[in-house]
Structures are given as structure tokens and as C-alpha cells.
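Comments concern the structure below.
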Amino acid sequence: MTGHRIAVVTTEVIAPKMAGPAIRAWHMARVLAGSGHDVELLTTERCDRRSESFRCAHVSVAELDALGSRVDVAVVQGDVLRRSPKLRDSSCVLVVDLYDPFHLEALEFTRASAPDQRRAAIGVSLDVMNEQLRRGDFFLCASVRQRDFWLGQLAAVGRVNEITYESDPSMEHLLAVVPFGITEEPPRHTAPALRGVVPGIDASDRVIFWGGGIYNWFDPLTLIGAVDRLRQRDARVKLVFGGVSHPNPTVANTLMSDRARHLAHERGLVGAHVFFEQWIDYDERGSYLLEADVGVSAHAGHVETAYSFRTRILDYLWAGLPTVATEGDVLADLLVGAGAGVAVPPEDEAALEEALYGVLFDDQRRAEMAAAARQLGHGYQWPLVLRPLVGFCADPVRSPDLLASSTRNAIGRGADLMPSVTRARLDRVVDLARRGAWQDLARLAAQMARRRRNRTPEVG
């Protein structure tokens with residue numbers, strides 16, 4: 001195989017502390033480099049991490065614009081194409097990672113906004129998403145359920161057409177399932193992390209671990225209520241939130257994170273039964289996971305849940321950690337089917353309490369679930385889940401419908417909610433969306449819509 005020049009591009013911080021999209025991009029770069037390609041991992045944010053097998057660097061907009069002429073394949077996440085129309089319009093083969101449906105997340109982020117502002121902000125997110133769907137040559141999603149969703153949206157923008165169908169009626173050459181993965185090496189306990197280190201957590205305690213951020217689509221409130229009930233049954237119950245402050249400094253604390261802190265303080269649980277830890281270094285997470293007894297993931301019942309892929313649960317599998325999760329997402333079904341977890345209805349405090357108690361205080365059951373979790377995790381190691389991407393990059397090609405004038409013209413770029421805006425205005429929109437500043441974005445989008453209706457010129 002002749003190696004290709006490949007750039008994996010993210011809008012997240014690449015550093016010791018990394019969020020899910022950055023972790024995914026890191027392992028994509030690692031596995032592709034191990035497959036014989038010349039790989040670089042580029043971020044529009046801070047880059048403080050290095051690899052011996054691929055280049056890591058911060059990239060400016062100007063460097064993004066030039067990327068299409070110097071690499072064979074660009075694997076992109078988030079709003080990279082909106083940041084760089086030149087990359088979008090280049091002849092470079094573009095792989096678009098759709099594992100994070102951020103336009104569905106916007107439905108939750110904007111719930112507190114005024115109706116017109118919320119509508120405008122969600123419209124901007126959808127516009128950015130559709131721009132990717134119209135241009136990508138190959139797409140990645142996280143589950144079979146997600147694949148059905150994305151096929152529908154690809155069809156809506158004209159990508160499921162006679163040319164892509166005749167090329168491959170299964171559409172596997174257009175859209176492949178690539179779940180989030182786990183590292184091949186088992187976790188190591190390199191140093192004490194919680195027990196005897198965090199005041200209030202002792203060696204004999206039963207630790208519930210919440211890995212990752214507290215975003216608005218999650219439900220830490222029901223969990224805190226369940227822990228409040230549990231501690232009255234056994235004072236050894238401790239809940240640790242392991243990702244409070246996002247590693248990207250431009251991402252502010254979420255409303256749900258603030259509400260969780262307030263509720264825990266109100267109940268008198270902070271420092272005694274509920275602990276809020278700062279974002280854990282990626283390479284140190286094994287020590288925390290191995291000191292926990294149960295992993296937890298709780299969310300409300302909404303459309304984001306249905307098409308989510310909770311990346312924190314993969315870490316639970318990696319560490320052989322039994323999981324108690326809310327019903328409704330694909331991983332909860334998987335955990336229950338494998339005997340590695342328990343699923344409870346959304347926002348049911350009593351059911352969550354009983355599920356946690358049943359795992360925390362039944363040592364034999366917990367050991368059996370731990371073994372099932374480790375076994376299930378073996379099938380999600382990064383080199384296995386990334387096989388579709390590795391296979392495509394071995395022989396990367398442009399999607400045939402983007403090369404044929406009949407379909408290319410029909411697909412187009414669609415109606416843009418932000419026509420003729422200056423680069424300064426566009427950069428402002430992208431920055432607000434990336435930081436999750438949905439209320440500010442909603443106000444800006446509404447302002448731009450009014451200017452468009454009034455036919456006033458856009459100023460930067």
C-alpha cells in the first residue's frame with residue numbers, strides 16, 4: 001500500500017485534558033499513521049500534546065485554506081468546513097465525522113432562549129451541518145441507529161441519488177459506522193486518585209463515577225437525588241463528577257452543571273457524598289476508573305438521547321466498570337444485553353437508587369458485570385472500530401455524485417442562512433457555536449435575519 005498524506009482536523013483542544021471529539025481525532029491520527037500514512041493532527045485551538053508517529057499542530061484559517069492543495073485526504077469534525085470555504089471547495093477528498101450530532105444538541109442548549117432567537121440559532125447549526133453533508137466524500141457515524149438518521153438527512157440534501165445508489169446500493173461507500181473506541185492497552189493504576197486523596201473518600205467507600213462533562217442534555221439532578229437517598233441507607237456511598245470544567249477554556253460551564261452544583265450544596269452533599277473534580281487528564285483517567293465501583297450515565301428522554309453515543313461509557317468498558325445508565329440510547333441497550341450494566345427509566349429517582357444500590361452492595365453481581373464489561377470492550381478497541389476509515393484511506397476517492405455535473409449542480413450548497421456575510425461576522429458565529437454560547441448566537445442570528453429582511457448591507 002502506498003501511503004497518503006492525511007490531515008485529521010478538529011476544533012477541540014489537543015492537550016493532556018481532552019474532550020470526546022479531540023480524543024477521537026487523536027486515535028484516528030494514531031491508527032492511520034500506524035497504517036503507513038503520512039498523518040498530521042491539526043486543531044484550530046490549543047495544541048499541547050505530541051506524538052512520535054504523527055505531527056500535531058495548531059492551524060490558522062489561512063493554513064486551513066491551503067490544506068486542500070497539500071494533502072490527499074482531510075478528515076474533519078464540527079464546523080471546520082464553515083471556517084474554511086476554500087477547503088470545502090477544493091478537490092481534496094473529504095471525510096466528515098458525524099459521530100456528534102451537534103444540531104440536535106442545540107435543541108437542548110437553546111431551551112432558555114426566546115423563540116425567535118432559539119429558532120435562528122438552531123437554524124445556524126443545521127446550516128453548518130448541511131454544508132458538510134453536501135460536500136463530504138465519505139461519512140462516519142457512531143452506530144447503526146445513527147446511520148439510519150444520517151441517511152435520512154443525506155437524502156434530504158440530495159446525496160442519496162441515482163449515482164451514489166448505482167455505485168453502491170447499500171450506501172456503505174458513502175456512510176460507514178465507526179463507533180467511539182477504547183485503547184488497546186488495559187488501564188493502569190499509576191497513582192492514588194480518589195481514595196485517601198480526595199478528602200471525604202476513603203478506602204471502604206462505594207464510589208459512583210460520572211466520567212466527562214455535565215452538559216445540558218444530561219440529568220445529574222435525578223442522580224444527585226438518588227445519591228441523597230442512598231446515603232441514608234449507607235453512608236459509604238460517594239458520587240464523583242470527573243469532568244466539571246471543560247478543557248477548552250472558551251467553553252463556559254453549562255446551565256446543567258451549575259444546577260447540579262446548586263442542588264448538591266442545597267442538600268448538604270458536597271464534600272461528604274458528592275464531589276466535583278476538575279477535568280481529568282486523559283492519560284490519568286485509568287487510575288480514577290479503577291478506584292470506582294460503578295460508572296453512571298443519566299439523561300432525560302429526548303431526541304438527542306436517541307441518537308447519542310455516550311463516549312464515557314466506552315471508558316467504563318475499558319476499565320471493566322459496571323454501568324448504571326438511563327434507558328433510551330444505543331449503548332444502554334448494549335450494556336443490558338451483554339450483562340455489563342443496568343438501565344432505568346429517565347428521571348426516575350427511585351429506580352436509579354435501587355439500580356445503584358443493587359450493584360454497589362452485591363459484590364458477586366458487580367464482579368460478574370465487570371467481567372462482562374471488559375469482554376464487551378474488546379470489540380471496541382480503536383484499530384477495530386476504525387477499520388472502515390482505514391479501508392477508505394487506503395484508496396481514497398471523491399464521491400461520484402460530486403464529480404458528475406447532473407447531481408453536483410442539484411446538490412449545490414443549498415440555501416445559506418447567512419449570505420454575503422463578512423469573514424469577521426462569520427468567525428463570530430462559528431466562535432459562539434463552538435463555545436456553546438447559544439443565547440448569544442441566537443441574538444446574533446436573529447439580528448442577521450432582520451438585516452436580510454430589511455435588505456441592509458452586512459458590516460463586519
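Residues: numbered from 1 along the sequence shown.
Between R231 and D228, at least one side-chain nitrogen of the basic residue sits less than 4.0 Å from a carboxylate oxygen of the acidic one, meeting the salt-bridge criterion. A salt bridge links D137 to R135: one of the charged nitrogens lies within less than 4.0 Å of a carboxylate oxygen. Salt bridge absent: R312 and D329 never bring a charged side-chain N and a carboxylate O closer than 4.0 Å.
A 4.5 Å side-chain heavy-atom check between Y99 and V178 finds every atom pair outside the cut-off. Looking only at side-chain heavy atoms (C-beta outward), K17 and E284 stay at 4.5 Å or farther from each other.
Checked by atom type and distance alone, the side chain of S287 pairs as donor or acceptor with a backbone atom of T190 at under 3.5 Å. Under a 3.5 Å cut-off, the side chain of R366 and the backbone N or O of L360 do form a donor-acceptor pair. Under a 3.5 Å cut-off, the side chain of R46 and the backbone N or O of A15 do not form any donor-acceptor pair.
With sequence neighbours left out, W150 forms a ring-ring contact (aromatic ring centres under 6.0 Å, His included) with H103. Looking at residues two or more places apart in sequence or on another chain, you find a ring-ring contact (aromatic ring centres under 6.0 Å, His included) between W382 and H27, F180. For Y288, the ring-ring contact (aromatic ring centres under 6.0 Å, His included) criterion is met by no residue, not counting sequence neighbours. Here F218 pairs with W210 under the ring-ring contact (aromatic ring centres under 6.0 Å, His included) rule; sequence neighbours left out. T323 meets the side-chain hydrogen bond (donor to acceptor under 3.5 Å, both in side chains) test with no other residue; sequence neighbours excluded. Under the side-chain hydrogen bond (donor to acceptor under 3.5 Å, both in side chains) criterion, R259 pairs with no residue at all, not counting sequence neighbours.
The ring-ring contact (aromatic ring centres under 6.0 Å, His included) analysis of residues 324-349, with sequence neighbours excluded, yields no pairs. Residues in residues 348-373 take part in these ring-ring contact (aromatic ring centres under 6.0 Å, His included) pairs, two or more places apart or across chains: Y357-F361. Evaluation of the salt bridge (charged side-chain N to carboxylate O under 4.0 Å, His left out) test over residues 337-349, restricted to residues two or more places apart or in two chains, returns R229-E349. Sorted by first and then second residue, the salt bridge (charged side-chain N to carboxylate O under 4.0 Å, His left out) pairs involving residues 232-244 (not counting sequence neighbours) are D205-K238, R233-E353, R233-E354, D234-R236. Applying the salt bridge (charged side-chain N to carboxylate O under 4.0 Å, His left out) test to residues at least two apart or on different chains, the pairs with a partner in residues 206-219 are R206-D363. Sequence neighbours left out, the pairs with a member in residues 174-184 that pass side-chain hydrogen bond (donor to acceptor under 3.5 Å, both in side chains) are R30-E184, T183-W318.
In this structure, Q364 places its CD atom where only 12 or fewer heavy-atom neighbours from other residues, nucleotides or ligands lie under 6.0 Å away. Atom NE2 of H262 is surrounded by 12 or fewer heavy atoms from other residues, nucleotides or ligands within 6.0 Å.
Put simply, the residue from F276, F275, F209 that forms a ring pair (Phe, Tyr, Trp, His ring centres under 6.0 Å) with F241 is F276. For the side chain to side chain contact (heavy atoms under 4.5 Å, CB included) with T10, the lone residue among I14, V8, V13 that qualifies is I14.
Scanning both residues, L255 and N216, for their nearest heavy atoms gives N-OD1, 3.4 Å.
A cation-pi arrangement is present between R285 and Y282, with the terminal nitrogen or guanidinium carbon under 6.0 Å from the aromatic centre and inside a 45° cone about the axis.
For the residue pair R24 and T311, no side-chain donor N or O sits within less than 3.5 Å of a side-chain acceptor on the partner.
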